[in-house]
Structures are given as C-alpha cells and as structure tokens.
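A short write-up of the structure that comes next.
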Amino acid sequence: MVATSPSAPATASQLHSTLHTTVIDWYEANARDLPWRTPDASPWAVMVSEFMLQQTPVKRVLPAYAAWLERWPTPADLAADAPGEAVRMWGRLGYPRRALRLHAAATAITEDHGGEVPSDHAALLALPGVGEYTAAAVASFAFRQRHAVLDTNVRRVFARAVTGVEYPAQATTAAERRTATELLPARAETAATWAVAVMELGALVCTARSPECAGCPLRAECAWQRAGRPPYVGPARRGQTYEGTDRQVRGKLLAVLRDAHGEVAQARLDEVWHDAVQRARALDGLVADGLVEPVGPGVYRLPQ
DNA sequence: CATCCGTGGAC
DNA sequence: TGTCCAAGGAT
C-alpha cells in the first residue's frame, strides 16, 4: 500500500485524472460547434469529415462537408455514383486522391459491411484512405471507443506539456504512442471525450505559430512553459515548396477536368502549363492514380 | 522512413 | 512577400 495524502494527487493515476478533468472541463466550455460533433452526425458523416480534414483546415471543410452529405447521405449513395463525381465534388479541398479513396471506402463499406461504417478498429484500418489516425478517430468519435488518437494537434500538445519542447519530431515516435496510450482514460466514454478535447486544445490554444499560453488550462503543469518556453532546436523543419512542382501542374490539369463536366481535348490541357515534358508527366501521374481517365487519343475525362 | 500528394489563409 | 502549416495516407 502506498500512503497518499487525501488532498494532493500522488500517484500517476491521480495525476492523470486531474489532467483529464482539466482538459475536458476546458473543452466543455470552449469547444467549437462543429457539425460532425453533433449527436445526429452518423458514423459516415464522421468519416467524411475525417477524410476532408486530412491536411485541410476546418474552415474550408465546412461547406464541402455539408454539400457532400446532402448529396451522399450514406456510403451506398456515394458508391452508386462514379468515382469521378467524387473527384468533382471534392472541388478545391486539395489532395484529390482523398476523394477517390473515400469513394473506394464507401464501396468497400457497401459491399463488405452491409452499408454500415464498421466500428471495429481493424476493419476501419483496412479501408482505403484510412490510416492509424483516421481509424482511431472514427472509432473514438463515432463509436465512443477507447483509442489513442494521435494527430498533429495532440502531438504538439504532448511535445510541449509532457516533453517540454516546442515542436514534436517530424515523424511519430514510439515514445509519443506510449505517452498517448498511458494518458488515455480508463473509461471508453471518458477516453473519447479526452481525445477530442486534447485535439481541440491543440487547435485553438496550443497552436503551432503563436500559442496562447495565457489562456491555457495546462499552463501550471506544462513542461515547456515551466522550462521558459525554449525555442525549437534541431534540423530545419521542412518547408513545402509548391511553385513549379508537379503537384501544381496536376492541380491545374485536374481543375480543367473538374470544371468541364465531360470529355476534354488535349489542347485544353496544354494551355495550363508551358513545359510539355512536365505537363505530360503530371497527366500520366493523374491517370496512374485513377484521377483521370483517357477515353481516346488526346481525350480525357474524370473516371466513370 | 523520406517523399510525394493540393490549396489557401495567416503572418 | 515569402514562409509556414492545416484532424494524414500510401509507398
């Protein structure tokens, strides 16, 4: 038996419990009112939001999310339509392969899961476009299960509050997974709320650029704060160059296809980029990815 | 495990 | 103004 004071938490379990209460209380008072968090949001709606939120900010997702679910309220509705329609509906959210994968996931759900988004983590992970994060997020948010949900926000909160550094490493480490697992509340329902609460804290307060430490509920116990908020030291954090890349050319090509609503002749595509070699490489890449379908010599369209 | 994959907004 | 970065996944 360990002697513990009745007033001060002494065990790790008690410390964690205090941490959970602090963050969850903050969440209850400060959470954004997002449509995929409402009680009537279906597991499919949660899954759609998670796909769209992969590397795209909430503000830009909101209108696309509403339009998507209005058109395809269930996985079967989406699966019944052409993949090209998903790509078109995706609009300018970026990374359009996500649209293709969401369509493929909807097809798999329809064919292999009776049209219902699976609640099992392994089954979710097996779906196209669903990785470690998204599987945990859907299982946690939609089905209130107990999973470590480790996204960029949570990783940053842990880096600061637990490790005492400004930014996490580039790639997720085993130590981070261990931290996320250890801090997970025992009760599934509490764990699910904790997961979304820590994410929200990272998104609203413990932000990448200019964290609002003054308004942070973890200010007193944050390791980074206690250390005097030392600046990041380490290898330069990679900047994403975009201008002149194949990604930019792909984007321009696909924009023409999206807006065309039908077949597009080569000449229309040739207008978007001056370098014929890079243009051809980008178009080949789009075809290889299944985002574009050749229908004849010099004629293309979105996949049907 | 590093790299590729869009787009736009904030500073 | 250019840099940074935003609920990642696949290879």
Side-chain angles (χ1 to χ4, degrees), chain A residues 27 31-32 34-37 41 45-65 87 90-102 104-105 124-142 147-157 166-174 176 180 192 195-204 206-211 232 235-258 272-273 281-282 284-286 288-292:
Chain A
Y27 176 76
R32 288 168 294 181
L34 300 173
W36 44 85
R37 288 181 184 160
V46 172
M47 174 171 279
V48 168
S49 78
E50 290 303 335
F51 268 75
M52 292 184 169
L53 288 164
Q54 291 169 2
Q55 299 286 283
T56 301
V58 167
K59 183 178 179 180
R60 288 175 48 210
V61 164
L62 286 168
Y65 168 86
V87 174
W90 198 254
R92 306 190 65 82
L93 286 180
Y95 292 151
R97 291 190 294 195
R98 289 181 291 164
L100 229 40
R101 290 173 186 152
L102 183 51
L124 286 164
L125 197 55
L127 295 172
V130 177
E132 189 180 346
Y133 162 75
T134 303
V138 173
S140 179
F141 304 156
H147 293 282
V149 182
L150 202 51
D151 80 320
T152 187
N153 292 301
V154 177
R155 294 187 63 218
R156 191 172 52 248
V157 171
E166 186 176 18
Y167 296 116
Q170 271 190 214
T172 305
T173 64
E176 288 179 277
V196 72
V198 179
M199 280 180 63
E200 191 76 339
L201 185 64
L204 298 184
C206 194
T207 60
R209 293 276 181 76
S210 48
Y232 172 83
R237 308 167 67 215
R238 70 177 193 286
Q240 320 164 312
T241 53
Y242 181 65
E243 201 66 26
T245 62
D246 284 6
R247 288 151 82 172
Q248 183 183 26
V249 183
R250 286 167 57 109
K252 287 177 177 293
L253 291 171
L254 200 59
V256 173
L257 275 297
R258 267 200 317 263
V272 306
W273 198 253
R281 185 173 64 232
D284 284 349
L286 289 170
D289 286 348
L291 284 162
V292 173

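Just so it is clear: chains get the letters A, B, ... in the order the sequence lines come, proteins before strands, and each one is counted from 1.
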Checklist entry - Touch check for A:Gly131, heavy atoms < 4.0 angstrom, all strands: base, sugar-phosphate only, or nothing? => result sugar-phosphate

Checklist outcome for this item: DNA chain C nearest-nucleotide lookup for A:Val130 and A:Arg37: closer to the 5′ end is A:Arg37

Checklist entry - How many angstroms lie between CG in A:Leu102 and CD in A:Gln54, if you round to the nearest 0.5 Å? => result 9.0 Å

Checklist entry - How would you label the contact of A:Ser49 with the nucleic acid (heavy atoms, under 4.0 Å): base, sugar-phosphate, or nothing? => result nothing

Checklist outcome for this item: When rounded to whole Å, the CG to P distance for the pair A:Leu125 and C:dG8 reads 16 Å

Checklist entry - C:dC5 phosphate, OP1 or OP2: any side-chain N/O from A:Thr152 under 4.0 angstrom? => result no

Checklist entry - A:Met47 CE to C:dA7 C1': how many Å, rounded? => result 14 Å

Checklist entry - Taking atom CZ of A:Arg60 and atom CZ of A:Arg92, what is their separation to the nearest 0.5 Å? => result 8.5 Å

Checklist entry - Can you name the residues that form a ring pair (Phe, Tyr, Trp, His ring centres under 6.0 Å) with A:Tyr242, not counting sequence neighbours? => result none

Checklist entry - Looking at A:Tyr133, does any N or O in its side chain come under 4.0 Å of the phosphate oxygens OP1/OP2 on C:dG9? => result no

Next on the checklist: From CG of A:Leu127 over to C1' of C:dA10, roughly how many Å is that when rounded to an integer?
Outcome noted: 15 Å

Checklist entry - In whole Å, what separates the P atom of C:dA7 from that of B:dT3? => result 23 Å

Checklist entry - Once you round it to whole Å, what is the distance between P of C:dA6 and CE of A:Met199? => result 12 Å

Item to check | Proximity to DNA chain B (any heavy atom under 4.0 Å), residues of residues 52-65 of chain A only | outcome: A:Gln55, A:Thr56, A:Arg60

Checklist entry - Taking atom C1' of C:dA7 as reference, at what distance in whole Å does atom OH of A:Tyr27 sit? => result 12 Å

Checklist outcome for this item: Contacts of A:Arg156 meeting side-chain hydrogen bond (donor to acceptor under 3.5 Å, both in side chains) (sequence neighbours excluded), chain-then-number -> A:Asn153

Next on the checklist: Suppose we screen for side chain to side chain contact (heavy atoms under 4.5 Å, CB included). Which residues come up paired with A:Ala142, at least two apart in sequence or across chains?
Outcome noted: A:Pro43, A:Val46, A:Val138

Checklist entry - Can you name the side-chain hydrogen bond (donor to acceptor under 3.5 Å, both in side chains) partners of A:Thr152, sequence neighbours left out? => result none

Checklist entry - Using the C1' atom in both, what is the distance from C:dG9 to B:dG9, to the nearest Å? => result 24 Å

Next on the checklist: Between P on B:dC1 and CD on A:Glu132, what's the gap in Å once rounded to a whole number?
Outcome noted: 13 Å

Checklist entry - Taking DNA chain B as the partner, which of residues 249-258 of chain A come within under 4.0 angstrom of it by heavy atom? => result A:Arg250, A:Gly251, A:Arg258

Item to check | Distance in angstrom units between A:Asp289 CG and C:dT11 C1', rounded | outcome: 11 Å

Item to check | Test ring pair (Phe, Tyr, Trp, His ring centres under 6.0 Å) applied to A:Trp36 - qualifying residues, sequence neighbours left out | outcome: A:Tyr65

Checklist entry - What's the shortest heavy-atom distance between A:Val154 and A:Val149, and which atoms? => result CG2-O, 3.5 Å

Item to check | 5' precedence on DNA chain C between A:Arg209 and A:Leu34 (nearest-nucleotide basis) | outcome: A:Arg209

Next on the checklist: Considering every strand and a 4.0 Å limit on heavy-atom distances, what is the contact class for A:Trp36: base, sugar-phosphate, or nothing?
Outcome noted: base

Checklist entry - Quick one: CG on A:Leu253 to CZ on A:Arg258, what's the gap to the nearest 0.5 Å? => result 11.0 Å

Item to check | For atom CZ of A:Arg32 and atom C1' of C:dA6, their distance in whole Å | outcome: 11 Å

Checklist entry - Want to settle it: does A:Tyr95 or A:Ser210 sit nearer the 5' end of DNA chain B, counting the closest nucleotide to each? => result A:Tyr95

Checklist entry - Within less than 4.0 Å of OP1 or OP2 of C:dG9, is there a side-chain N or O belonging to A:Arg97? => result no

Checklist entry - With a non-hydrogen cut-off below 4.0 angstrom, is A:Tyr242 in contact with a base, only sugar-phosphate, or nothing? => result base

Next on the checklist: So, using side-chain hydrogen bond (donor to acceptor under 3.5 Å, both in side chains) as the criterion, who are the partners of A:Ser49 when residues are at least two apart?
Outcome noted: none

Checklist entry - Which part of the nucleic acid, if any, lies within reach of A:Ala208 when heavy atoms closer than 4.0 Å are counted: base, sugar-phosphate only, or nothing? => result sugar-phosphate

Checklist outcome for this item: Hits for salt bridge (charged side-chain N to carboxylate O under 4.0 Å, His left out) against A:Arg97, two or more places apart or cross-chain, chain-then-number order -> A:Asp289

